[in-house]
Every structure is written in C-alpha cells, then in structure tokens.
Number of protein chains: 2
Amino acid sequence: MRLTERKIAAALRRHGYKLTPQRRSVIRAIASSQDHLTPAAIYLKVRQDHPSIGLVTIYRTLDILVRLELICELHAGGSCHSYTTGAPEHHHHLICSNCGEVIDFSGYYLTELEQRLSRETGFKIEGHLLEFIGRCQNCQQND
Amino acid sequence: MRLTERKIAAALRRHGYKLTPQRRSVIRAIASSQDHLTPAAIYLKVRQDHPSIGLVTIYRTLDILVRLELICELHAGGSCHSYTTGAPEHHHHLICSNCGEVIDFSGYYLTELEQRLSRETGFKIEGHLLEFIGRCQNCQQND
DNA sequence: ATATAAATGATAATCTTTTTCATTTACAGC
DNA sequence: GCTGTAAATGAAAAAGATTATCATTTATAT
Ligand SMILES: [Mn+2]
Ligand SMILES: [Mn+2]
Ligand SMILES: [Zn+2]
Ligand SMILES: [Zn+2]
C-alpha cells in the first residue's frame, strides 16, 4: 500500500517544512500516478494546475521527499532518475527495460548480507539499492 | 581479481570491434585506477597521453565495454554514473557515501529471488543492480 | 597495397541539474 | 486578524551530462 498524498503532506509538515501549494501539487502529481515519473514528467503534470511553477521547485521538492523517504527513487533506465510514492514497508523494484513499468516487491531482506559486509569491511551501512531489470509479460509478447 | 587491460582489449577484438589507440587508452585509464571513474574523469586521464581525443569517444567506448560486461557501471552518488574494470566473477558493490571508495564483494547470489519474481510476475529477468551505501572506516573516524 | 566498413572528432544541439538572488509567502506568535 | 521573519519560490543564467550529425580518418581483411 502506497503512501497517500495526505500522509506525505502531513509528514512534510511534521518535519518542519512549510506546506506550500507548489509542494502539494508535486506530491499530488506523484501520488496520483501508478508509474514512476522523471522530474521533467512531474513538471509537465504539475504545470497543468499550477502553470507558473518553476522546474527548480520540482527538484527542490523531490530532494526533500526522497530525504524523508516519502517517495522512492529509481536509478535504472534512460533518464536514470525517476520517482514514485514511497510505501511504508521496505521494498524493492522490478523494472521493465522496454516499457518502464515498475513493480514493487517486498518480503526480501538484506540484513544478513549487510551484517556480513559490515563485519568484513568495517563499513557502517547506510542503505542499499536493489533493482531488477527485465521484460514484462506484455513486452515479451509484442516483440 | 579484476580484468586486465590486455584481456579487455582482446575481448573487444574477439567481439568484432576494432582496436584503436583511443579505445586502448580508455581501457588503460580505467584498468590502471583503483577507483571508479566518471566519464569526465576518464576523459581527463586519457587526454594526458592522447590530447586530441573527443569526449564522444569516451562515451561510445564506455557503452560498448559495459554492454560486453568488460567494465562495470555504478549508479549511486553525485554524478550518478561511474565505471571500474569488470571482474570475471559476478559481484556487487559497496560504496562509501563520503569519499566514494568502492569495494567489490562476491559470493552473494540472487538467483532464488529472480526465480520467485519471474514466477510471480511473468517478467523475464535480464539483470539486476545491487549496491550498498555506507561509510568506510576512514570516513567514520574523520567526522 | 587496396578497399571498405567502422571509428573518430569537430560542432552543435539537447537535456538535466545547480546557483544566485530579488520577491513572495506560510505560519508562529501576538 | 495582523505582523515579522525565516523559508520558499521563480526568473535567469550557468554548469554539466549526453546525444546527434557528418565529413574525415583509420584498422584490418583480402
Ligand atoms: Mn517503490
Ligand atoms: Mn565492480
Ligand atoms: Zn514492459
Ligand atoms: Zn569513505
């Protein structure tokens, strides 16, 4: 279950950020989409009901939301960065290399591996990135 | 054990690519460095003994080398993409969020998870990205 | 040596992201 | 409801990263 617009907005405020119409709009754009969106795509969506917003504000807002883990960031694919609403539970991504569809999956944990790495290297692990790339069923057929 | 300049060059040829001095130079730059290098950093290094090379050639060469899995690509961090020599064995990366040090580790496989995902989603898995971010021992001390 | 397809580099175009700074605004406190 | 203030915004520009085009050069098979 993904975080709702309302919850994300509340969390923003809780962390001391002001709740501006621009930020609401960015959050709505992300939360109302199933897909993962690039900053440019979010910009386009947001401008529909907020024509004067600057692209800078998109970037600044995304920064904050990622930092607070309210949205999640994907790294793979062409334009490299894109965003979807975060889920309260820890999860990872499966991405179609052809159409870009993203599937969240959960129930897989890397804690043991993290402990092993920490022990063997002395690193203090802060996070990880686990993504699978593949072809979705649709794209396998339409080849 | 990382792939050597010689082996990478040989593999390039084996796949039907011409072995130009520019490509040799890019390979040498990567293979002679412990670090992972951005395209821009590789460009700077290569220009030392090949001043007239174009940045485009760097990008084109990196493309090929990644495709043939002769070098490996990192996604994390500031400029997002950087490259190190590939290792013959499958491995993943542990990256220091402060100084950028990269540690390869192997012996961890995701085949079971890939099968589960394939079964549950119908995706045909093509690859994955697994990276850990943390603080190396050095950077933990010098805080 | 020659022929030829592949590779290169100059140039420009196109994106993406970050900086700077003057103006505006959310909201805490009264 | 006002007011003050720090935070947020947007315009503009700069900086960075990546890709496209195309005439010229070059590696290599024959
Ligand atoms: Mn997700
Ligand atoms: Mn590696
Ligand atoms: Zn697909
Ligand atoms: Zn470090």
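Every chain is numbered from 1 and lettered A, B, ... according to where its sequence line falls, protein lines coming before strand lines.
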Q | Parallel, tilted or perpendicular: ring planes of A:H128 versus A:H90, cut at 30 and 60 degrees | A | perpendicular
Q) According to the interplanar angle, ranging from 0 to 90°, do the rings of B:H75 and A:H75 count as parallel (below 30°), tilted (30 to 60°) or perpendicular (above 60°)? A) perpendicular
Q.
Does D:dT18 have OP1 or OP2 under 4.0 Å away from a side-chain N or O of B:H81?
A. yes
Between atom [atom1] in [X] and atom [atom2] in [N], what is the gap in whole Å?
X	N	atom1	atom2	answer
A:Y83	C:dT16	OH	P	12 Å
B:L55	C:dT14	CG	P	18 Å
B:L62	D:dT19	CG	P	11 Å
A:D63	C:dT18	CG	C1'	10 Å
B:R24	C:dA7	CZ	C1'	15 Å
A:Y59	D:dT9	OH	P	16 Å

Which residue pairs pass the salt bridge (Lys or Arg N to Asp or Glu O under 4.0 Å) test when at least one of the two sits in [range], sequence neighbours left out?
range	value
residues 40-54 of chain B	none
residues 54-63 of chain A	none
residues 109-123 of chain B	B:R116-B:E120
residues 3-19 of chain A	A:E5-A:R28

Set of side chain to side chain donor-acceptor pair (under 3.5 Å) partners for [X], sequence neighbours left out:
X	result
B:E69	none
B:Q137	none
A:Y59	none
A:E131	none

Q | Nucleic acid contacts of residues 36-47 of chain B, taken as heavy-atom distances under 4.0 Å to DNA chain D | A | B:P39
Q: Could you tell me, to 10°, how much the axis swings from one end of the helix from C:dA1-D:dT30 to C:dC30-D:dG1 to the other, five pairs per end?
A: 50°
Q.
Given C:dT17, D:dT9, D:dG10, identify the nucleotide with an atom nearest to the side chain of A:R23.
A. D:dT9
All N/O contacts under 3.5 Å from nucleotides 11-16 of chain D to the protein, with atom names and distances to one decimal?
none

Q: Spell out, yes or no, whether B:V26 and B:L70 are grouped together once hydrophobic residues are joined by side-chain heavy atoms under 4.5 Å, including indirect joins.
A: yes
Q: Could you tell me whether the side chains of A:E73 and A:S82 share a donor-acceptor contact shorter than 3.5 Å?
A: no
Q) Backbone N or O of A:G122 within a donor-acceptor pair of the B:Q140 side chain at under 3.5 Å? A) yes
Q: If a protein heavy atom is under 4.0 Å from the base, mark B; if only from the sugar-phosphate, S; if neither, -; do that for nucleotides 23-30 of chain D going 5' to 3'.
A: ----BSS-
